[in-house]
Amino acid sequence: MERLVSNWYNHRALPESYICPPETRPGKLSIPSGDTIPVVNLGEALINRSNTILNVLRASQKFGFFQVVNHGVSEKVLNDTMNVVEEFFKMPMEEKASLYSEDPNKVCRLYTSNINYGTEKYHFWRDILKHHCHPLDDCIKLWPQKPTRYRDVIRTFSVEGKKLGLAILELLTEGLGLESGYFKKDLSEAMLLVANHYPPCPDPSLTLGLPKHCDPNLITILLQGHTFGLQVFKDGQWIGVQPLPNALVVNIGHQLRIVSNNKLKSAEHRAVTNSKVARTTVGLFISSSEDSIIEPAKSLTNAAQPPLYRAFRYKEFLSYYFSMMGDTELALQPFKLPFNQSVIS
Ligand code: OGA
Ligand code: NI
């Protein structure tokens, strides 16, 4: 519990254990300008669905990242969600102590930094609240009891966010030419909520809130609020994801990259900190259940486009992914088919 950044950061210089090696340091940060990730108006799908499909598909192929507006999740739900999560992190430590755990298998927990504080080489400027959202009626009993509105507000956000995620997946299904409802059942059954809290940082140039990574799951929907901090790695450069009012950020995870046989991109991203204000984000990570089999969709592969990955259980991938955290290609390596083998199969 003492390890939470929000517990001790006040008026302290950046401890050495939070300084990243020079090659991963963000350096001097400026508010992003110029190149930015696409913004898709989902409301347009009602009038011109094929154009919306094209926009979502192009963004997923080129960037693996986009923002959506007119997405159907109301401003009230977004504001309530951000407010209740910010309130959670502002509560006195005693109120949150029972949720703190360094055991990654706990289904609802408050922790800090990244995957394993005890074994990581250096730490990250982030506290995290993470819990399962499926099956909702079982998980909800384990969610924070305070603030008292937490369970109600987050139930609504998770239901609406899941609906949005499935609608986006359906646009991608059509865009890729997969059979309708391809992602509807097993492949998108599970969902995790991850609330990230990045307190103001004494030296944002030396540390990161979250290291470079790709999400392991199918698709992620992120409410990033008003404060800049998310960056996407594209063509050797970091591109900032501009906070837009009422927008949600969407990104493709490894699972979708694999099912699409690399037609969609799982983009690397990271979070930087700032010295002025705390930044809070709320992500919904849609994935298959851990026992589901993940493999390139059969209808997307043929002799000319052989499967690039073998079939595997999602849980097998997850445990390898977490052991390789930070190295995107290495995390995928044992699941890739060697080129000649993929031609034969
Ligand atoms: C994540 C993530 C970005 C952010 O939680 O996987 O990429 O801006 N978060 O908090
Ligand atoms: Ni991420």
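Ligands are counted one by one from 1 in listed order, and the atoms in each one are counted from 1 as well. On a predicted model such as this, the values are computed, not experimentally measured, just so you know.
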Test of understanding: given a 4.0 Å heavy-atom threshold, classify the contact between Thr220 and ligand 1 as side chain, backbone, both, or neither.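 Neither part.
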Heavy-atom distances under 4.0 Å decide this one: backbone, side chain, both or neither, for His213 against ligand 1?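 His213 to ligand 1: side-chain contact only, backbone stays beyond 4.0 Å.
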Is Lys163 paired with Glu170 through a side-chain N to carboxylate O contact shorter than 4.0 Å?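 Answer for the salt bridge query: no.
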Residues, nucleotides or ligands: over 12 heavy atoms within 6.0 Å of Arg313 CZ: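 Atom CZ in Arg313 is not packed in, count stays at 12 or less.
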Ring of Tyr111, cation from Lys130 - is the NZ or CZ under 6.0 Å from the centre and inside 45° of the axis?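 That pair does not qualify as a cation-pi contact.
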Check this for me - ligand 1, Arg279, N or O atoms closer than 3.5 angstrom, yes or no?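 By distance alone, the answer is yes.
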Arg126 to ligand 1: N or O pair under 3.5 Å?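 By distance alone, the answer is no.
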Provide, to 0.1 Å, the distance between [atom] and the closest protein heavy atom, together with that atom's residue and name.
{"atom": "atom 5 (O) of ligand 1", "answer": "Asn196 ND2, 3.1 Å"}
{"atom": "atom 4 (C) of ligand 1", "answer": "Tyr198 OH, 3.3 Å"}
{"atom": "atom 3 (C) of ligand 1", "answer": "Leu230 CD1, 3.7 Å"}

Can you tell me if Tyr100 and Arg3 form a side-chain donor-acceptor pair at under 3.5 Å?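 No, no side-chain donor-acceptor contact under 3.5 Å.
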Arg270 near ligand 1, heavy-atom distance under 4.0 Å?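 Arg270: no contact with ligand 1 (<4.0 Å).
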Check whether any heavy atom of His269 sits under 4.0 Å from an atom of ligand 1.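 His269: in contact with ligand 1 (<4.0 Å).
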How are the rings of Phe65 and His269 set to each other: parallel, tilted or perpendicular (split at 30° and 60°)?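 Taking His269 first and then Phe65, their aromatic rings stand perpendicular (interplane angle over 60°).
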Can you classify the ring geometry of Tyr18 versus Trp125 as parallel (below 30°), tilted (30 to 60°) or perpendicular (above 60°)?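 Taking Trp125 first and then Tyr18, their aromatic rings stand perpendicular (interplane angle over 60°).
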Atoms in ligand 1 with a heavy atom of Leu210 nearer than 4.0 Å: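 Every atom of ligand 1 under 4.0 Å from some heavy atom of Leu210: 1 (C), 2 (C), 5 (O), 7 (O), 9 (N).
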Go through ligand 1 atom by atom and flag the ones less than 4.0 Å from a non-hydrogen atom of Phe285.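 Near Phe285, meaning under 4.0 Å from one of its heavy atoms, ligand 1 has 1 (C), 5 (O), 6 (O).
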Any Met93 side-chain heavy atom under 4.5 Å of Ser6 side chain: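 SC-SC contact between Met93 and Ser6 confirmed.
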Could you tell me the angle subtended at the Ni ion (ligand 2) by OD1 of Asp215 and NE2 of His213, rounded to 10°?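 OD1 of Asp215 and NE2 of His213 make an angle of 90° at the Ni ion (ligand 2), to the nearest 10°.
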Ring centres of Trp143 and Phe157 under 6.0 Å apart?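 Between Phe157 and Trp143, which both carry aromatic rings, the centre distance is not below 6.0 Å.
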Are the aromatic ring centres of Tyr122 and Phe124 under 6.0 angstrom apart?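 Close enough - the centres of the two rings lie under 6.0 Å apart.
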Among the N, O or S atoms of His269, the one nearest the Ni ion (ligand 2):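 That would be atom NE2.
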